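Report on the following structure.
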2 protein chains.
Amino acid sequence: MKLDDAAARLEALGNPTRLKIYRTLVRAGEEGMAVGRLQERLDIAASTLSHHLKALIGVGLVTQTREGTTLICNASYDEMHGLIDYMVAECCVDGSCPPAIVSKFKKVA
Amino acid sequence: MKLDDAAARLEALGNPTRLKIYRTLVRAGEEGMAVGRLQERLDIAASTLSHHLKALIGVGLVTQTREGTTLICNASYDEMHGLIDYMVAECCVDGSCPPAIVSKFKKVA
DNA sequence: ATCTTATTTCTAATATTCCGGAAATACCGT
DNA sequence: ACGGTATTTCCGGAATATTAGAAATAAGAT
């Protein structure tokens, strides 16, 4: 991943409201969540939510599929994984790695 | 880590210039890098660099130690690791994990 | 065709970010 | 104390982000 792409994704997630949106979608799993449901859950104006979703969609972190009159939002794991890869690559240079990785995973050879 | 703290760190890294700064500091390793050297390297105005460093220091991702007249900057691995932990926790919910982790590490039981 | 629900786009106000020149500060050497 | 190098803070301007009400669009149901 290019630096600018990583920065764009980090910026998209670097807003509390958008991070909440993304986290909610991750927790919604494969099933995803409708925009309206998301709005109730987060209690923000529909237009505001729409703008934030646009930002997340713009960097590929969220996708939408229409189902009748409702739009279902899904977190895009691949994009997030790409971003985490980038961060791990930037961060594990000295051999030290994030606790979550050290505890849940074991280094290969 | 709280959501707001994660968002603040993501926002700090979500600017191409700041991400470049951080990456450069990570690559500089334990030794760190002087503000002046960083400025030559990135070719930006001193005041601009100072603003960006302040932002990174503000969220704990960078630390400074004075050495005579020069200020040495260091990337703070702990803070970055905490952030990556947060992201992995938000993202690995369904058991799928980022390629970098899958390839370099092996899941523990 | 019309109505209803769901969502986005338009518009605008306010707030924040980004940038860099100029001035101020910090520290060291003499 | 003075001069020089290193860095930050002050200031202002341009650009962008955030928020949300109102209007517009999308899709299905009657």
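The shown structure was predicted, so the numbers you read here are calculated from the model rather than taken from an experiment. Below, chain A is the first sequence line, B the second, and so on; all start at residue 1.
- For A:Ser47 and B:Leu49, each mapped to the nucleotide of DNA chain D holding its nearest heavy atom, the one lying further toward the 5' end belongs to B:Leu49.
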Go through the steps to decide whether A:Tyr86 and A:Arg9 satisfy the test side chain to side chain contact (heavy atoms under 4.5 Å, CB included), and finish with yes or no.
CA-CA 11 Å; A:Tyr86 184 91; A:Arg9 288 184 176 90; over 6 Å; no

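- Not one side-chain nitrogen or oxygen of A:Arg18 sits closer than 4.0 Å to the OP1 or OP2 atom of D:dA17.
- Between the side chain of A:His51 and the base of D:dA20, at least one donor-acceptor pair of N or O atoms lies under 3.5 Å.
- In this structure, B:Ile72 atom CD1 and C:dC27 atom P are separated by 14 Å, rounded to whole Å.
- A donor-acceptor pair under 3.5 Å is formed between the side chain of A:Gln39 and the backbone N or O of A:Ile44.
- For C:dA26, neither phosphate oxygen OP1 nor OP2 lies less than 4.0 angstrom from any side-chain nitrogen or oxygen of B:Arg66.
- Atom CD1 of A:Ile44 and atom P of C:dT8 are 11 Å apart (whole Å).
- The shortest non-hydrogen separation linking A:Glu30 to A:Asn74 is O-ND2, 2.9 Å.
- Rounding to whole angstrom units, CG of residue B:Leu19 and P of C:dT17 are separated by 18 Å.
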Please step through side chain to side chain contact (heavy atoms under 4.5 Å, CB included) for the pair A:Lys20 and B:Leu3, ending with a clear verdict.
CA-CA 8 Å; A:Lys20 253 172 234 154; B:Leu3 183 137; 3.8 Å; yes

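- Between B:Thr48 and C:dG20 there is a side-chain N or O to OP1 or OP2 distance below 4.0 Å.
- Checking the phosphate oxygens (OP1, OP2) of C:dC18, a side-chain nitrogen or oxygen of B:Asn15 falls inside 4.0 Å.
- Contact check, A:Gln64 against C:dT7: no side-chain N or O comes under 4.0 Å of OP1 or OP2.
- Applying the 4.0 Å criterion to OP1 and OP2 of D:dT19, one finds that A:His52 has a side-chain N or O inside that range.
- A straight line from CD of B:Glu67 to P of D:dT5 spans 19 Å, rounded to a whole angstrom.
- We find that NZ of B:Lys54 is positioned 14 Å from P of C:dC18, with the value rounded to whole Å.
- Side-chain atoms of A:Thr69 and base atoms of D:dA27 include no donor and acceptor less than 3.5 Å apart.
- In this entry the distance linking CG of B:Leu38 with C1' of D:dT8 reads 15 Å, nearest Å.
- In this structure, the CG atom of B:Leu53 is 11 Å from the P atom of D:dT9, given to the nearest Å.
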What's the verdict on side chain to side chain contact (heavy atoms under 4.5 Å, CB included) for B:Val88 and B:Ile101, showing C-alpha distance, side-chain angles and the deciding distance?
CA-CA 10 Å; B:Val88 169; B:Ile101 295 177; 4.2 Å; yes

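- A straight line from CD of B:Gln39 to C1' of C:dC19 spans 13 Å, rounded to a whole angstrom.
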